[in-house]
Participant: 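Take a look at this one; I'll ask things after.
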Amino acid sequence: MDKQRMRKALVVALAGATLGIVSPLTQAQTIDEAITETMETNPLVLFDATRRLTDEQQVKIAKSGYYPKADLLLGYGYEWTDNAGTAPDSEDMNRREATLSASQMLYDGYATKSRVDAAESTASSSALALLATSEDTALSVTRVYLDVLRYQQLLDLTNENLEAHRDTYNSIKRRFDSGFGSESDLQQAEARLALASSNKVVADGNLWEAEINFERVVGHPPEDLQMPTDKCCTYLPSTPEDAVAIALTEHPALLAAIARHESALAQENVARSAFHPTLHLELSASSNHGVDASDFREDEALAMLRARYNAYNGGADSARVKQLEHLSKAQRASAIAVQRELKANARSSWNKLNNIYQQQEQLERHSLSADETRKAYWRQFEIGQRTLLDLLDSENEYFTARSDEINGMFDEWYARYRLLAHVGKLMEAMEVSPDFEKVSLAAAQ
């Protein structure tokens, strides 16, 4: 029963958190506003923000090794003693203990320093991983944001195409009813109208899916989205070599991988410290009564320098060093893999954007020509110089060309954002500066 209540409480808490995140907006939203909002509510970002807080606390834990340790021991009880000192009888009495001790590490083979180095590198890695996740999340926002705009425009185009085919069909139907049109023309017009209606169903479905994906990433349904501005263009690298150089020096994913390798190296030094002696300054003061059948108070104060050295522990220290050496090599290999991936992504994204630039100009020209041809064919059709098939084909050609132009335009926008994300500059280019301290605190609550 208790487990059931706990499960219900967890479900209610998660539902409340979800409802708080997905409250719909009622005003226009720009793409950078959508990114900013997502940074403060997206579960992946919140997860990394919480992990950063955890690793920052680990730094404080590691630094505590530099500070003295103090312990207070108090005891009261009963003691019964039977030994040579109490012979021939035994002694029993109340026993009281009070001890205050303090210890300060003076030397530990640099174990504490290495723990701090490892913790700081891990915390740095977590902070950089948060930035890398933010870049990826921001790119996801741009994708779903642009897809909603894309399919909205494609739906508008599909509606225009459907209306044009409906007008054509009505015109052919009037001709046929008046005895001037052929039945084959009417059937052709009717078939194309059915195809245009089918295209609208597909366009409606595509927009619906885009809106679902938007809500999944951003946290609420899209509401009055605005076309993006070109303010990010100044951050685009001009050559593939520039893209690679920026990615390999500034992308947080690579910097995070390097920090993880540095943490592993520091952990190696922690393991090697086991081969060094430790030296502590230890102070203590005690006041006891009734210890070992002594019916009087004993006071004692100590100030000692104590060195300790573990001569043998079954080879565990050597194995630990080798284990962490392998770990640091694995982290180095991971950093190299991230470096290669970033290099390939930067080159590929730059090349794709450059190809889209060249292609988009031709798509716009094709769309303009198809529109002019469509209008010319309609005029010629009305005076009998074009067949119905010519007219319907020109309408379909324009629909296809205009669809390609719209897709090309949004592909170009997304290619820009993808290139910026792959060099680690998307957040900066979009002028989005989320308060990660606020995000971290919100995630911890």
Side-chain angles (χ1 to χ4, degrees), residues 24-35 38 138-168 192-218 220-233 352-353 355-375 378 392-420 426 430:
L25 297 181
T26 58
Q27 59 184 4
Q29 187 177 44
T30 63
I31 193 168
D32 49 328
E33 290 172 345
I35 293 174
T38 304
L139 182 60
S140 296
V141 173
T142 64
R143 177 178 55 80
V144 298
Y145 190 102
L146 292 173
D147 277 350
V148 171
L149 292 174
R150 178 201 303 265
Y151 290 116
Q152 284 176 347
Q153 292 194 19
L154 288 175
L155 178 58
D156 291 341
L157 176 64
T158 303
N159 287 330
E160 293 175 6
N161 182 62
L162 177 59
E163 189 63 28
H165 279 82
R166 186 176 287 117
D167 291 342
T168 302
R192 294 298 180 93
L193 178 60
L195 179 59
S197 298
S198 175
N199 290 337
K200 184 182 185 307
V201 173
V202 173
D204 283 328
N206 289 338
L207 178 57
W208 188 56
E209 288 291 333
E211 291 174 343
I212 292 174
N213 289 331
F214 183 95
E215 183 172 0
R216 176 179 56 82
V217 174
V218 179
H220 61 76
E223 182 72 26
D224 193 15
L225 305 186
Q226 307 296 303
M227 283 295 294
T229 64
D230 59 357
K231 63 182 179 181
C232 68
C233 295
K352 288 178 180 177
L353 178 58
N355 289 340
I356 289 175
Y357 279 152
Q358 299 178 36
Q359 184 183 25
Q360 186 61 18
E361 182 180 352
Q362 304 303 321
L363 292 176
E364 292 173 358
R365 185 178 303 172
H366 180 206
S367 176
L368 180 61
S369 299
D371 186 31
E372 293 175 350
T373 300
R374 174 186 63 151
K375 294 175 181 177
W378 182 260
L392 296 175
D393 285 345
S394 68
E395 194 68 48
N396 185 66
E397 176 74 12
Y398 170 73
F399 175 73
T400 302
R402 179 61 181 146
S403 297
D404 291 343
E405 182 187 9
I406 292 174
N407 282 320
M409 177 181 64
F410 285 102
D411 287 345
E412 179 181 334
W413 277 110
Y414 181 69
R416 292 174 180 175
Y417 295 140
R418 179 176 54 201
L419 176 56
L420 289 169
L426 180 56
M430 299 300 292

Participant: With sequence neighbours left out, write down each residue that passes side-chain hydrogen bond (donor to acceptor under 3.5 Å, both in side chains) with Gln359, or none if nothing qualifies.
Facilitator: none
Participant: The criterion is side-chain hydrogen bond (donor to acceptor under 3.5 Å, both in side chains); which residues satisfy it with Arg374, sequence neighbours excluded?
Facilitator: Asp371, Glu395
Participant: For the CG atom of Leu207 and the CD1 atom of Ile212, what is their distance to the nearest 0.5 Å?
Facilitator: 10.0 Å
Participant: Please name all residues satisfying side-chain hydrogen bond (donor to acceptor under 3.5 Å, both in side chains) with Glu405, sequence neighbours left out, ordered by chain then number.
Facilitator: Ser367, Arg402
Participant: Can you give the donor-acceptor pairs under 3.5 Å from side chains of residues 152-162 to other protein atoms, not counting sequence neighbours?
Facilitator:
unit_1 : atom_1 : unit_2 : atom_2 : d
Thr158 : OG1    : Leu154 : O      : 2.7
Asn159 : ND2    : Leu155 : O      : 3.3
Asn161 : OD1    : His165 : ND1    : 3.4

Participant: Is there side-chain contact between Glu211 and Glu215, with heavy atoms separated by less than 4.5 Å?
Facilitator: no
Participant: Counting only heavy atoms from other residues, nucleotides and ligands, does the tally under 6.0 Å from NZ of Lys375 exceed 12?
Facilitator: no
Participant: Are any of the side-chain heavy atoms of Phe214 and Glu223 separated by less than 4.5 Å?
Facilitator: no
Participant: Working note: Tyr398 + Glu372, criterion side-chain contact (heavy atoms from CB on, under 4.5 Å); need CA distance, chi angles, decisive distance, verdict.
Facilitator: CA-CA 9 Å; Tyr398 170 73; Glu372 293 175 350; over 6 Å; no
Participant: Does Tyr357 form a side-chain contact (heavy atoms from CB on, under 4.5 Å) with Leu353? I'd like the steps, not just the answer.
Facilitator: CA-CA 6 Å; Tyr357 279 152; Leu353 178 58; 3.7 Å; yes
Participant: Glu163: what forms a side-chain contact (heavy atoms from CB on, under 4.5 Å) with it, not counting sequence neighbours?
Facilitator: Arg166, Asp167
Participant: What residues, two or more places apart in sequence or in another chain, satisfy side-chain hydrogen bond (donor to acceptor under 3.5 Å, both in side chains) together with Glu33?
Facilitator: Thr30
